[in-house]
Number of protein chains: 2
Amino acid sequence: MNKELLIQTHQRIKPFIHKTPVLTSQLLDDIAGCKVFFKCENFQKMGAFKMRGAANAILSLSDEERQNGVVTHSSGNFAQAVSLAAKKIGVKAYIVMPENAPLAKKNGVKTYDGEIIECESTAEAREFTANKIQKETKASFLHPSNQDEVIYGNATAAMELLQDQPDLDVILAPVGGGGLIAGTALAVHYFGNDCKVIGAEPFEVDDAYRSLQSGKIERNTTTNTVADGLRTYLGDRNFPIIQKYVDRIIRVEEEEIISAMKLIWERMKIIIEPSCAVPFAAVLREKEEFKSKKIGIILSGGNVDVSKLPF
Amino acid sequence: MNKELLIQTHQRIKPFIHKTPVLTSQLLDDIAGCKVFFKCENFQKMGAFKMRGAANAILSLSDEERQNGVVTHSSGNFAQAVSLAAKKIGVKAYIVMPENAPLAKKNGVKTYDGEIIECESTAEAREFTANKIQKETKASFLHPSNQDEVIYGNATAAMELLQDQPDLDVILAPVGGGGLIAGTALAVHYFGNDCKVIGAEPFEVDDAYRSLQSGKIERNTTTNTVADGLRTYLGDRNFPIIQKYVDRIIRVEEEEIISAMKLIWERMKIIIEPSCAVPFAAVLREKEEFKSKKIGIILSGGNVDVSKLPF
């Protein structure tokens, strides 16, 4: 890993992604007591930063590998990201989904011409089915968060943010599977100017916080959080990066997440997912730490069922 | 009225408003069958285009008039716009509101230091109270839609849109009290390049449609629409402009408004008011008319109670 590799990654995926805007709000700054720059990946293609990692992973394949397509097992944003990136690059995408996955998510994948393969709703069934597809089709398996190319692709969001605002004191990102925070940490390491990286996580699924304390990958015993994108755990590719480059992880309560989400909706007039509100909730929770600083926040995505809101 | 006056208006209010972004969406273009440029006044200061007219009206007062303050009776966006514009310009604002107005709206005015004077919840009481304040304080009365300076201020949204996209075939705006569509029509007349102006209105409150047919200002017998900003009727200052420069008015059903609003929320990840979705609903309703054209839409505002959505 080096700086040049990240620059190449950004060049590679540029034609397939949006350079998302960086928004600010005087009202939110007044509430937070600091200056916040929101990198709006909710405006990214298919509505989340996942497009960056998926595009990079597919573009990094050889011509021969591309001919055999790609496969992933995901029922969330990564499934849509792989489908759309594969479609744009001209590669076949197999998406393994539990048969009881919400219709909206299945339709999202179909919109982008991903081929859905249904399986039982267990982690084992998903892995088994993805494995089977891989063997039958020779498709390349793509992991939503624990794969180098995906992590490097994700890093480009923070790279763009630092191009816009080179003198940020801190960048915060939510921590789910670890792919976004690891990418963000790499970007800050290579392109930041005395800039810290802080992860934000719900208390309910604080596996990353505990992993940094124990030095090994911890899992969650419950997944009882409104931040449905953050229920997963770290992997062996991203954990070492997080250990090395992430300064700390702030945990927040469920009501803090909902309140931060509502504030961003009402004041900024933009739609963000609950997972996406976690870093701003962390800033509001620890105001003293951030007082008068220049803060960057990766708003990770905006795919939310607007008829089922937590407020 | 002339071109120069609109240019001066824009110069005058510039320091007090945001130049709002113009957003596009490939997905919505595919659905609509045309190219749509959304002028995002939901991102305007206080969340609506009303800031433009309010700022211009206050800035157009003489020094002596400014010392006596301004008064309006409104329980909606204009109350907040007058409060904020007055605060920024350093003028006292008296806002007459019905005593049963929602707390959220009262708080909105208080946030911007407007002084609320409560009255009974009838049109007569509101006018009587505003009149009384005017006499007692010599404050200047500002009308939300039927005042030249307010109309000229509103025109600057379409002016900016045409600066960005000079070759639009049509610009659409919602029609409530008539102040936005009249301003938009003036801007298009002076700065458009063979560009039409179309108003959009719910069938439930189609007073403007009927007014254009009968040649006199019609009122609504019911106000049963989700587009709560469009329940008012035209005035003697804006109606002649609308008669002269607006090509037609398209009426839409309630379910079309809700569905257009949901599409914009879900696909563009931005928050708009129901009233604001009416022009896009009109485009979807009459696809043939707009086929393959370049369309501008004024997204008028984003002040909505996110815990009370119509979907």
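A, B, ... follow the sequence lines: proteins, then strands. Residue 1 opens every chain. All of these numbers come straight from a predicted model, not from anything done at the bench.
Contact annotation for A:K308: neither backbone nor side-chain heavy atoms come within less than 4.5 Å of a heavy atom of chain B. For A:L309, the part sitting under 4.5 Å from any heavy atom of chain B is the side chain, from C-beta outward, and nothing else. B:K45 does not touch chain A: none of its heavy atoms, backbone or side chain, sits under 4.5 Å away.
Under a cutoff of 6.0 Å and an axis angle of 45°, B:K39 and B:F37 do not form a cation-pi pair.
Rounding to the nearest 0.5 Å places CD of A:Q44 at 5.0 Å from CZ of A:R52.
Nearest approach of B:G199 to B:I181, heavy atoms of both residues: CA-CD1, 3.6 Å.
Of the options B:L28, B:L263, B:T24, B:L27, a side-chain contact (heavy atoms from CB on, under 4.5 Å) to B:M268 is made by B:L28 and by none of the others.
Note on A:I272, A:T111, A:N303, A:D305: by heavy-atom pairs under 4.5 Å with chain B, the leading option is A:N303.
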